[in-house]
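Here's the structure we're looking at; comments come further down.
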Amino acid sequence: MLEILRDRRSIRRYREEEIEADKIELLKEAALRAPSSRGINPWRFVFVTDKSMLEKLSQAKESGSSFLKGAALGAVVAAVRGDSDVWVEDCSIAAIVMQLAGCRLGLGSCWIQIRNRSHSSSMSAEDYVKQVLDLPEDLLVECIISFGYPDEAKRPLAADDLEWNKILTADRH
Ligand SMILES: Cc1cc2nc3c(=O)[nH]c(=O)nc-3n(C[C@H](O)[C@H](O)[C@H](O)COP(=O)(O)O)c2cc1C
């Protein structure tokens, strides 16, 4: 597990290669195995492989989403409005679980933030994604995780480069 955590980096360039159907099934299984508060599982996932759909979704934001058009898969992570007061946490955990599973499967991935982001001055990124995918009104969209076989190599951060000062001491008396 620690090896996967060390290897995982945000990958935004992908080879033009489809992801095998059985690997996509494993990503779905990983998402559904994520823990959620009170086991409510408020999340809903949309797995998009259609190229023209990925191209449209890549325009969700003015920046930070364009690389989705080169991905083989976009996993949209959403939740049903009102199902849980901590849906953001539940969706985020499911998203990172998918990213780590993808890493284990040799896939690169990157989080694309949708919640609280704009598509344009008059439209939220969330409304744009919902419109493109024709999602029901009561869904809230957290993010899209792009996946594909990596076309860039990123080194794991060295342990010495981690911000160890972000770990605060608990015994200050
Ligand atoms: C909540 C969250 C939102 C993010 N949103 C975006 C995004 O919209 N576009 C993008 O290219 N990367 C996004 N990222 C990826 C971060 O930029 C990346 O994780 C960070 O720079 C650290 O790099 P690393 O993942 O390679 O360790 C997001 C990551 C998180 C956790």
Side-chain angles (χ1 to χ4, degrees), residues 1-16 19 27 30-31 34-37 42-49 51 53-79 81 84-121 123-133 135 139-167:
M1 187 61 193
L2 215 50
E3 283 306 307
I4 298 171
L5 293 172
R6 286 180 179 135
D7 283 348
R8 189 218 54 81
R9 297 296 313 277
S10 292
I11 299 298
R12 299 180 178 86
R13 290 162 55 118
Y14 310 100
R15 300 205 302 268
E16 273 191 45
I19 300 172
L27 293 176
S36 75
S37 172
W43 12 251
R44 298 293 184 272
F45 306 97
V46 186
F47 285 74
V48 180
T49 53
K51 279 285 168 196
M53 205 60 107
L54 288 170
E55 215 274 327
K56 282 185 195 147
L57 289 174
S58 76
Q59 296 167 32
K61 304 195 292 183
E62 279 172 8
S63 69
S65 60
S66 60
F67 55 89
L68 184 57
K69 65 176 174 294
L73 168 69
V76 179
V77 185
R81 187 193 305 274
S84 173
D85 58 343
V86 289
W87 69 272
V88 173
E89 289 85 341
D90 292 341
C91 283
S92 301
I93 292 167
I96 189 67
V97 164
M98 273 195 287
Q99 286 196 271
L100 295 174
C103 195
R104 179 72 175 79
L105 297 170
L107 300 170
S109 70
C110 188
W111 183 303
I112 297 168
Q113 182 68 24
I114 297 299
R115 186 180 65 86
N116 281 349
R117 295 290 180 264
S118 300
H119 167 68
S120 64
S121 56
M123 193 182 217
S124 68
E126 175 176 48
D127 284 345
Y128 177 82
V129 168
K130 285 166 75 171
Q131 190 182 80
V132 167
L133 294 173
L135 295 177
L139 280 195
L140 301 161
V141 182
E142 169 63 19
C143 62
I144 305 174
I145 307 296
S146 60
F147 288 99
Y149 284 101
D151 198 23
E152 63 176 329
K154 283 190 177 173
R155 287 181 187 282
L157 297 182
D160 282 350
D161 290 339
L162 300 178
E163 296 175 303
W164 295 97
N165 61 325
K166 299 271 169 90
I167 299 186

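For ligands, and for the atoms within them, numbers begin at 1 and follow the listed sequence.
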What residue and heavy atom of the protein are closest to atom 11 (O) of ligand 1, and at what distance? Arg12 NE, 2.8 Å
Top protein contact for atom 27 (O) of ligand 1, by heavy-atom distance: Arg8 NH2, 3.1 Å
Main-chain N/O of Ile11 paired to Glu152 side chain as donor or acceptor, under 3.5 Å: no
CG on Leu73 to CG on Leu68, rounded to 0.5 Å: 9.0 Å
Atoms in ligand 1 with a heavy atom of Ile112 nearer than 4.0 Å: 7 (C), 8 (O)
Flag side-chain contact, heavy atom, 4.5 Å: Val76 against Ile114: no
Numbered atoms and elements of ligand 1 in range of Arg9, under 4.0 angstrom, heavy atoms: 24 (P), 26 (O), 27 (O)
Cationic N near anionic O, under 4.0 Å, Glu55 to Lys69: no
Using a strict cut-off of 4.0 Å, indicate which atoms of ligand 1 neighbour a heavy atom of Cys110. 10 (C), 11 (O), 12 (N)
When only distance counts, is Gly64 in polar contact with ligand 1, meaning an N/O pair under 3.5 Å? yes
Compute the shortest N/O to N/O distance between Lys61 and ligand 1 and return yes if it is under 3.5 Å, no if not. yes
CZ/Arg13: more than 12 non-hydrogen atoms of other groups inside 6.0 Å: no
Please state which option from Ser10, Ser92, Pro156 has its nearest heavy atom closest to atom 19 (O) of ligand 1. Ser10
Ligand-residue contact atoms, ligand 1 with Phe67, heavy atoms, under 4.0 Å: 11 (O)
Shortest protein contact, atom 4 (C) of ligand 1 (heavy atom only): Trp111 CD1, 3.4 Å
Using the ring of each side chain (for Trp, its six-membered ring), is Tyr14 parallel, tilted or perpendicular to Phe67, with breaks at 30° and 60°? tilted
With the threshold set strictly below 4.0 angstrom, can you tell me whether any protein non-hydrogen atom sits that near atom 21 (O) of ligand 1? no
Between Tyr149 and Leu107, is any pair of side-chain heavy atoms under 4.5 Å apart? yes
Look only at the side chain of Ser65 and the backbone of Ser58, and say whether a donor-acceptor pair between them is shorter than 3.5 Å. yes
